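Because the structure is a prediction, the values reported are computed rather than measured. Every chain is numbered from 1 and lettered A, B, ... according to where its sequence line falls, protein lines coming before strand lines.
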Amino acid sequence: MKPANPQPPEADALARYRARRDAERTSEPFGGSGPRRPGLFVVHKHSATRLHYDLRLEHDGVLLSWAVPKGPSPDPDEKRFAVHVEDHPVEYADFEGVIPADNYGAGPSIVWDRGYWVNLPGEKHGLEHGKLLFDLYGHKLKGRWTLVRTRAPGAREWLLIKKPDAFARKGEAQKLPETSIYSGLEVHELPDLPARRESLRAELEARRLPRARVDPRTVELMLAETADAPFSRPGWLFELKYDGFRMVAAREDGKATLRYRRGNEVSRTFPELAVAVKALAYDCVLDGELVVLDERGLPSFGRLQQRTQLEREADIARMQVTHPATLFAFDLLSLEGYDLRGLPLRERKALLRRVLPEVGPIRYVEHFEERGREMYEEVRKLGLEGVMGKRADAPYKGGRRPDWLKVKGEYTGEFAVVGYTLPKGSRTGLGALDLAARDGERWIYVGSVGTGFTDRLLQGLRARLEPEAIPKPVFVGTPTPGRKHVWVNPSLVVEVAFGDWTADGMLRHPKLVRLREDKAPEECRLQDAPGHPDSREPPAVPEPAPAVAPAARADARTFTVTHPEKVFWPEDGYTKGDLVAYYRAISPWLLPWLKDRPLVLTRYPDGIRGKSFFQKDAPAFVPDWIRRQRIWSESVERDVDYFLCDDEESVAYLANLGTILLHVWASRVQTPQAPDWASIDLDPKGAPFAHVVQVARKIREICEAIDLPTVVKTSGSTGLHVLIPLGARCTHAEARGLAELISRVVASTLPDIATLERVIAERGGRVYLDYLQNGYGKVLVAPYSVRPLPGAPVSMPLSWREVTEKNGPKAFNIKNAVRRAEKWKADPLLAALGPAPDFGKVLARLGDELQRLMR
DNA sequence: GATGTCG
DNA sequence: CGACATCAACGCCAG
DNA sequence: CTGGCG
């Protein structure tokens, strides 16, 4: 355990930070004021647009981390009390499973302890909400979770905490936890719905409203006219204008429908909304804007479009989680069978607010009175589309009405002209200008502008551009296809007004404002472009190679071994340098096994006693010269950039990353569905190695009887791996079937020493035949791979003659393996990469042989 | 081991 | 500056 | 359905 109060760092920056932090503390709503005592604190922080919460365990101003277990605790389960505090005790409850609570219109939420339901507060209804749903519903709700709240005075915030691995897993305390915290959860008491519904009905009855069905299929929506400029006006309400699709959501006889403006039904596309509408407590017809929020919590038109295009159930299910939709409801047309359209807007909205739950994917659109201009200013700063002004006493009438006015903003930016398209029809001069902006040394294509020109300007532009139309400028991005583009070197700058940026980084609704003679094209920097998402990835399609190759961008396949003296094997004194040296030296024999195969690394950055982790996806920082293969992973629904390794330098690089163990796919990237071998892993787990040898020989005997070749290697740990070459001529399923068949035969022929039993206790000291590591994406410990075990053993190919008790698991290691390999004419295992056996012959013999064996 | 993020 | 988190995954089968 | 297994 580290000291509770380490040396104060010298750095000014840190001192300043602490001063600032201490100043902030006094204003914390939680935990009170005055000197801090050790304990659990929920720290609030205000940023520009929202509240953040953080849970920390501190002592004397020093962050200890909330997750570090405090002091010895005999009972591993007890450790969760590590977040116990003296002055602010916590309540907690492990919650059991998740009940998708369609109830109360909250959409998905957690119902806990039957007395509360939980959802994220509105501010968080962006990606974080999506992530929560993803974790809860999608995939990850496997660990233990705890719902915690402090009992600090006035506290009502709760936290959902994923219990760290160290708590969940016994006996692995040295592995530090990975955690997930969802903070700032709102916990609500369940309302007494029936009573509420009753009183609302009585109220509606008393108002003598017309009882008439408002048909969501045919209802004519009220539309806004466009205001010339932002305005403030008494008697008017101002709402945010959301960038999405207009949507009519209806609940009729308990059934939900979602429709776009033209009446097409889309409940299937947005199931999370349909569920929420269905779960409303009242039959009603809502009018609103369908949006998908991005991670900043701002509407993202691009994301919405992505969702609208989905057809497949699985895609929808995924996007529902990654890009959850939100319906911002701003009007209520009908309620419990009453037509409300004759009511003034203000009253409709008051009813709407009562009908909608406070949280969940259907959100009530708040409004401000009168002060539209100020609101507009603020809204634009936040990057939103604009505001809607509405007359507070106006009834709801279909069609475009002056009672609703939209005030839309526009961005203006300067862009360099990198080309133009030829005019069509009666157009003179040119069709549109292709625009780009500068990102570092590159030009990024941002789309084309084809409107806003005067005829005179059109002519003039053409004259100025044509003479320079010589080489195609180099830029990144994809110009609109289907038009003939004439490329010019950037020399001209235009000012363009545009609505927004599209998801792929193009200008939306651009129009030309004027020429900017005073500006150099190089000054048009992408990051200065208004509204441009800072972190946006540029489109990855590089246009043709630069005319002048950048000064021999030395494709230097080198790196420096970091910390070569770091001890990786404390018992043996072997260092990281030894590891890298071994992998370099063995690479002539290792590389044939790695070539073209996706790798899975097990990395031990701090040696075999330190923490470790698997890695499939090559991080962005690995140098270009490390080969990677992008492979779609169905299970995680994303691409994974697998490491591939064809040369010594790459192996060494991986070793320098702390990679001790290398696993390879049985198939190569060229034929990912066709394995080159089937494998059977002989795992003794306590059984004598002599039995492993016996079982291995039996496998070989059976395979030979049916004309199947076999090769064998030590696993490097305790057992042997037997491989059957398949030459990429069959499927993974067939390979597994073969391995299973042979395993079963062996297990039944040698019942005293071999078993297929997976539960260790049931194996009774027999050798476990594991045929399950055959399949797509399944991996095998690579031959010559080092093991993170004392003595640094390696997985070593053997000839069948060498399969004896003497060549046990510990016989080969990083110090003797190279010497051994050097004596070979050829790697005895290499046959596994050879041609396929004659499957016809194999099958022919199989039947007979099985009968003989089973007799 | 390398990186990003947060305070 | 320092502390953290992150870096995989899936079918099988017993209880 | 969860948990252990590799």
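The separation between H663(A) atom NE2 and dC10(C) atom P is 15 Å, rounded to whole Å. If you measure from atom NZ of K778(A) to atom C1' of dA8(C), you get 12 Å, rounded to the nearest angstrom. Nucleotide dA9(C) holds its C1' atom 5 Å from the NZ atom of K616(A), rounded to whole Å. We find that CZ of F643(A) is positioned 12 Å from P of dA2(B), with the value rounded to whole Å. At whole-Å resolution of the value, CG in N774(A) and P in dG6(D) are 17 Å apart. Separating the CZ atom of F613(A) from the P atom of dC4(C) is a distance of 18 Å, rounded to the nearest angstrom. If you take CH2 of W665(A) and P of dA8(C), they are 14 Å apart, rounded to a whole angstrom. Rounded to whole angstrom, the span from the CD1 atom of I631(A) across to the C1' atom of dA8(C) amounts to 14 Å.
For the pair P783(A) and L590(A), the minimum side-chain heavy-atom distance is 4.5 Å or more. At least one side-chain heavy atom of F689(A) sits under 4.5 Å from a side-chain heavy atom of P809(A).
Between L772(A) and V779(A), it is V779(A) whose nearest contact on DNA chain C lies nearer the 5' terminus.
Here K685(A) does not reach the OP1 or OP2 of dC5(D): none of its side-chain N or O atoms lies under 4.0 Å away. Between dG6(D) and R763(A), a contact under 4.0 Å exists linking OP1 or OP2 to a side-chain N or O.
Residue D617(A) has its side chain nearest to dA8(C) when only dG6(D), dA2(B), dA8(C) are considered.
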Taking only nitrogen or oxygen atoms into account, show me every contact under 3.5 Å that the protein makes with nucleotides 13-15 of chain C, one pair per line with its distance.
{"unit_1": "dC13(C)", "atom_1": "O4'", "unit_2": "R758(A)", "atom_2": "NH2", "d": "2.8"}

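In this structure, CG in N774(A) is found 9.0 Å from CG in L780(A), a value given to the nearest 0.5 Å.
Ring geometry for Y776(A) against H732(A) counts as perpendicular: the plane angle is over 60°, on a 0 to 90° scale with 30° as the lower cut.
A donor-acceptor pair under 3.5 Å is formed between the side chain of H663(A) and the backbone N or O of V600(A). Remark: the backbone N or O of D641(A) is not paired with any side-chain donor or acceptor of R628(A) at under 3.5 angstrom.
dA9(C) and dC5(D) are spaced 13 Å apart, taking the C1' atom of each and rounding to whole Å.
Ring centroids of F559(A) and Y653(A) are separated by less than 6.0 Å, placing the two rings close together.
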